[in-house]
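Structure record follows, encoded as structure tokens.
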2 protein chains.
Amino acid sequence: MASKKNHKRDWAGSAESHDHRICIVDALDKAAELCSQRGARLTQIRRRVLELIWSSHRPIGAYSLLKVLKEERANAAPPTVYRALDFLLEQGLVHRIQSQNAFIGCADPNHQHNGMFLICTDCGNAVELEETKIDRLLKSSASSRGFVIESRTVEAAGLCPDCQIN
Amino acid sequence: MASKKNHKRDWAGSAESHDHRICIVDALDKAAELCSQRGARLTQIRRRVLELIWSSHRPIGAYSLLKVLKEERANAAPPTVYRALDFLLEQGLVHRIQSQNAFIGCADPNHQHNGMFLICTDCGNAVELEETKIDRLLKSSASSRGFVIESRTVEAAGLCPDCQIN
DNA sequence: TAGCGATTGTTATATTATAACATTTATGGT
DNA sequence: ACCATAAATGTTATAATATAACAATCGCTA
Ligand SMILES: [Zn+2]
Ligand SMILES: [Zn+2]
Ligand SMILES: [Zn+2]
Ligand SMILES: [Zn+2]
């Protein structure tokens, strides 16, 4: 497989900032590898949906995915997409962005986790954070109330550096 | 107005744990006061929707609200509810729970903020946290990437103390 | 009380997601 | 290779959530 960070970049996925083709190839390679290891079947549809999700760093909705799929596969219907999404979510290959009812590729599918995102309200790009401190704080805050966290959503909306220039 | 915490409780709103009528009265009193201060009009519909939202500590969906409203106001329709919700959200009197497409009363509407919640997957009750540390961490993490946060969603799902007993 | 903006009524439709059952495809044991 | 089985996909219908657009009414104030 390819892998290894292909560059540094300030922000998510503006075409200028990095060679996004590498993001896509890496994501698909890693997905294939993980599914293979797990005996999970990354079928054509599932792989294609993952590829479409990775077509940008912007969360994409199920029906946007469906629109594209339909051009390639006349009988694609909502369940086609939602089943693929269910699979990809189960495998930790994508995350759901709750504040947008949309989906984005996971930056690090090797270990299962809930995503944590900064999402630009202007360009739509999202970057995944890994802030273990936030999870620890949240866990301890819950714990002090006797609450046990099983999953969580953390999504911050605002302006990315590129979009603050305006 | 009434106000002042009416009791201590381990967790959210189980009927046994507290006199919930006081929660409702306090919430409505505070809403009236805030709207009055701001020159915002807490109309009958808006007040009633707020009251329905406060009927429990469980997030409630727009169409559940609508179902009740319709019994009292034959011509209630989706816009009736969504407009009231828009108003209540704007005034910071309720929060939207993104992971459930549902709404819950704000525990402290005096200062504008995004909510932060622990939500029990078993009983459905939710409690609002105020963890300034988490916001500070999130802000600084964003800041290190040049990102400026304008709003955020933090929702943790899991088991409340009551529901762990099973 | 006339005018004006805010609120509510009304109808229609957009968007997101799932249910239910039929058919096809992949896989493992013989 | 052949069959039994489970998994995946096809197909149709519908549920659940949310908004658009325009009309009618209300409430304030000039
Ligand atoms: Zn990229
Ligand atoms: Zn991830
Ligand atoms: Zn209560
Ligand atoms: Zn609040």
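Proteins get letters first, then strands, A, B, ... in listed order; numbering begins at 1 in each. We use all heavy atoms of the structure for the numbers below, so side chains are in, but hydrogens, waters and symmetry mates are not.
- Comment: B:E33 does not engage B:K30 in a salt bridge, judged by the lack of any side-chain N to carboxylate O separation of less than 4.0 angstrom.
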Where protein sits on nucleotides 22-30 of chain D, one letter per nucleotide: B base, S sugar-phosphate only, - none, heavy atoms under 4.0 Å: B----S---
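- Chaining together hydrophobic side chains whose heavy atoms lie under 4.5 Å apart places A:F117 alongside A:I97, A:I104, A:I119.
- In terms of position on DNA chain D, the residue among A:A74 and A:F87 whose nearest nucleotide sits closer to the 5' end is A:F87.
- A donor-acceptor pair under 3.5 Å is formed between the side chain of A:R46 and the backbone N or O of A:R41.
- Between A:K70 atom NZ and D:dG10 atom P the separation is 13 Å, expressed in whole Å.
- Using a 3.5 Å distance cut-off with no hydrogens or angles, the side chains of B:E155 and A:T153 do not pair a donor with an acceptor.
- Distance from the side chain of A:A77 is smallest to D:dT11 among D:dT11, D:dA8, D:dT19.
- With rounding to whole Å, B:L69 atom CG is found 14 Å from C:dT10 atom P.
- In the set D:dG10, C:dT10, C:dT8, D:dG10 carries the atom at the smallest distance from any side-chain atom of A:R73.
- Using modelled atom types, one finds a donor on one side chain and an acceptor on the other under 3.5 Å when comparing B:E131 with A:S141.
- The nearest whole Å value for the distance from the CD atom in B:E72 to the P atom in C:dG9 is 13 Å.
- Of the possible donor and acceptor atoms, one in the side chain of A:H113 sits under 3.5 Å from a partner among the backbone N and O of A:H111.
- In this structure, the aromatic ring of A:Y82 is not positioned over the six-membered ring of the base of C:dT18 within 5.5 Å between centres and 30° between planes.
- Taking atom CG of A:L88 as the reference point, atom C1' of D:dA8 lies 14 Å away to the nearest angstrom.
- DNA chain D lies under 4.0 Å from at least one heavy atom of each of the following residues of residues 44-55 of chain A: A:I45, A:R46.
- Inspection of the B:H57 and B:E128 side chains reveals no N or O donor paired with an N or O acceptor under 3.5 Å.
- Side chain of B:T80, nearest nucleotide from D:dT19, D:dT11, C:dG9: C:dG9.
- To the nearest angstrom, P of C:dT8 lies 12 Å from CG of B:L85.
- Contact record, B:A156 with A:F147: O-CZ, 4.1 Å, taken as the closest heavy-atom pair.
- Between B:N75 atom CG and C:dT7 atom C1' there is a gap of 13 Å when expressed in whole angstrom units.
- Side-chain N/O atoms of B:N101 include none lying less than 4.0 angstrom from OP1 or OP2 on D:dT17.
- A side-chain donor-acceptor contact under 3.5 Å links B:T121 to the backbone of B:G158.
- In this structure, A:D86 places its CG atom 16 Å from P of C:dT16, rounding to the nearest Å.
- Atom NZ of B:K67 is separated from atom P of D:dA15 by 14 Å (rounded to the nearest Å).
- Comparing A:S64 and B:P79, the nucleotide of DNA chain C nearest to each residue sits closer to the 5' end for B:P79.
- In terms of modelled atom types and a separation under 3.5 Å, the side chain of B:Q164 and the main chain of B:L159 share a donor-acceptor contact.
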